[in-house]
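Only one structure is covered here, and it is reproduced in the block below.
These numbers come from a predicted model, not from an experiment.
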2 protein chains.
Amino acid sequence: MTSVEEPADPGERVRDPARTRAEILDVATREFARAGYDGARVDEIAARTRTTKRMIYYYFGGKEQLFTAVLERAYGLIRDAEQQLDVEHLDPVTAIRRLAGLTFDHCERHPDFVRLVGIENVQGAGRPGRTGSPALDVIRRILAAGQESGVFRAGVDAVDLYAVITSFCFFRVANRHTFGTLFGRDLLDAERRAHYRSMLSDMVVAYLTAEPTPG
Amino acid sequence: MTSVEEPADPGERVRDPARTRAEILDVATREFARAGYDGARVDEIAARTRTTKRMIYYYFGGKEQLFTAVLERAYGLIRDAEQQLDVEHLDPVTAIRRLAGLTFDHCERHPDFVRLVGIENVQGAGRPGRTGSPALDVIRRILAAGQESGVFRAGVDAVDLYAVITSFCFFRVANRHTFGTLFGRDLLDAERRAHYRSMLSDMVVAYLTAEPTPG
DNA sequence: GTCTATAGATAGATAGAC
DNA sequence: GTCTATCTATCTATAGAC
């Protein structure tokens with residue numbers, strides 16, 4: 001044996017596989033988000049990493065699996081954020097505002113996540129394996145509490161509400177360029193961030209507290 | 001000269017260039033929407049047309065310009081639809097519901113349009129040349145009328161409102177796959193169409209008619 | 001586990017006859 | 001204007017030395 005506890009001689013590079021894997025994922029996330037699945041280049045990813053293309057195939061198997069790994073990690077991130085939501089002690093209006101704010105903030109801080117989801121949708125069917133969302137359970141409880149106490153209207157579905165909230169948060173990021181070109185307004189302008197953040201909650205709360213539309 | 005008014009002999013094919021051009025655009029629209037810009041194949045487009053690949057280059061110059069032409073036509077379609085909006089004679093609430101309904105219907109009937117816009121955004125900056133939207137002027141007038149008559153709150157911006165309306169209409173189409181996988185619900189399910197259509201208007205109207213949130 | 005070199009497939013684009 | 005055949009570049013993926 002060459003060495004027991006001591007790190008080997010400098011010639012033998014003791015690289016951390018987990019670290020290399022994570023670095024590849026970081027770079028791949030940016031590259032896929034930048035150019036789409038088919039537009040992304042494995043060579044480009046390798047070049048921006050401290051490892052080589054061969055290692056990408058060694059660790060992940062191929063471009064397809066790398067893309068899947070990138071997606072899984074991105075989904076895990078928002079999942080974690082949603083899991084940390086603690087709104088049980090809040091009144092329903094404040095609770096739903098907090099949830100909307102969290103979704104808004106996550107998309108704001110992780111635009112690549114939004115783009116990747118869009119790319120996955122262009123690419124084809126969503127890969128199976130992922131299911132549900134911590135946020136959904138939170139919304140269900142908030143809706144139930146709000147309806148019970150009479151501040152929320154009845155008959156609002158949790159999945160629908162989550163779709164509406166996510167729509168706006170996604171749109172700002174995903175359609176930033178065309179919307180900016182068409183209307184001369186940058187939806188991600190930092191100066192308008194707080195405005196859009198509260199507008200989203202205002203709209204959701206207005207809907208939840210309004211009298212149901214007849215018809 | 002071979003012939004004056006009469007169509008030439010069968011050996012000389014008198015094809016309609018405008019028709020060929022339109023057919024290429026139709027097929028290209030589907031192909032780009034299906035696979036994204038880099039995923040789309042010029043060969044595939046040609047194969048699904050009654051003409052050849054050479055003609056695509058002859059008419060459009062290249063893949064890039066073909067994609068631009070596809071986008072221009074798609075934008076033109078919604079522009080036309082919006083231009084035909086006639087809501088001047090309606091009360092503000094009905095008017096804004098009609099506008100939201102039109103946007104909703106257009107995305108429903110032209111899912112390729114939504115996908116193409118998403119792809120354009122992934123691809124990079126929105127191409128210049130397009131600007132404004134007939135719907136925006138319509139919204140401006142509706143908002144002004146509604147605020148003047150006191151049914152709408154003040155301080156709501158037309159561009160923001162259009163963004164919100166479009167968000168939901170786009171999201172249903174653009175994120176159908178991943179959302180369906182995650183939540184087991186098809187946002188384009190025909191049975192839920194009417195529900196989502198009115199839900200969007202309900203939300204917008206609730207926001208516009210609610211008391212402004214203090215803060 | 002890490003590198004270089006290269007295989008193998010396929011894409012966008014064009015030449016050139018008719 | 002329309003066709004066939006092909007060029008050239010490039011990309012994913014892998015072989016093989018170390």
Electrostatic pair [X]-[Y], nearest N-O below 4.0 angstrom:
| X | Y | result |
| --- | --- | --- |
| A:Arg97 | A:Asp202 | yes |
| B:Arg73 | B:Asp26 | yes |
| A:Arg48 | A:Glu23 | no |
| B:Asp112 | B:Arg30 | no |
| B:Arg185 | A:Asp160 | yes |

Exercise. Aromatic ring centroids of A:Phe113 and A:Tyr75 under 6.0 Å?
Worked result: yes
Exercise. Would you say the ring centroid of B:Tyr37 lies under 6.0 angstrom from that of B:Phe32?
Worked result: yes
For this session: Please check if atom CZ in B:Arg98 has more than 12 non-hydrogen atoms from other residues, nucleotides or ligands closer than 6.0 Å.
Result: no
Exercise. When you check every protein heavy atom under 4.0 Å of nucleotides 7-18 of chain D, what one-letter string (B, S, -) results, 5' to 3'?
Worked result: ----SBBBBB--
Separation of [N] [atom2] from [X] [atom1] (nearest whole Å):
| X | N | atom1 | atom2 | answer |
| --- | --- | --- | --- | --- |
| B:Arg21 | D:dG1 | CZ | C1' | 15 Å |
| A:Met55 | C:dT4 | CE | P | 12 Å |
| B:Tyr58 | D:dG1 | OH | P | 5 Å |
| A:Arg50 | C:dG1 | CZ | C1' | 16 Å |
| B:Ile45 | C:dG12 | CD1 | C1' | 11 Å |
| B:Arg19 | D:dG1 | CZ | P | 15 Å |
| B:Phe60 | C:dG12 | CZ | P | 16 Å |

Problem set entry | Distance test, side-chain N/O of A:Thr52 to OP1/OP2 of C:dC3, below 4.0 Å | yes
For this session: Look at the side chain of A:Glu31 and the backbone N and O of A:Arg41, then say whether any donor-acceptor pair between them is shorter than 3.5 Å.
Result: yes
Problem set entry | Between the first and last five pairs of the helix from C:dG1-D:dC18 to C:dC18-D:dG1, the angle of the axes, rounded to 10 degrees | 10°
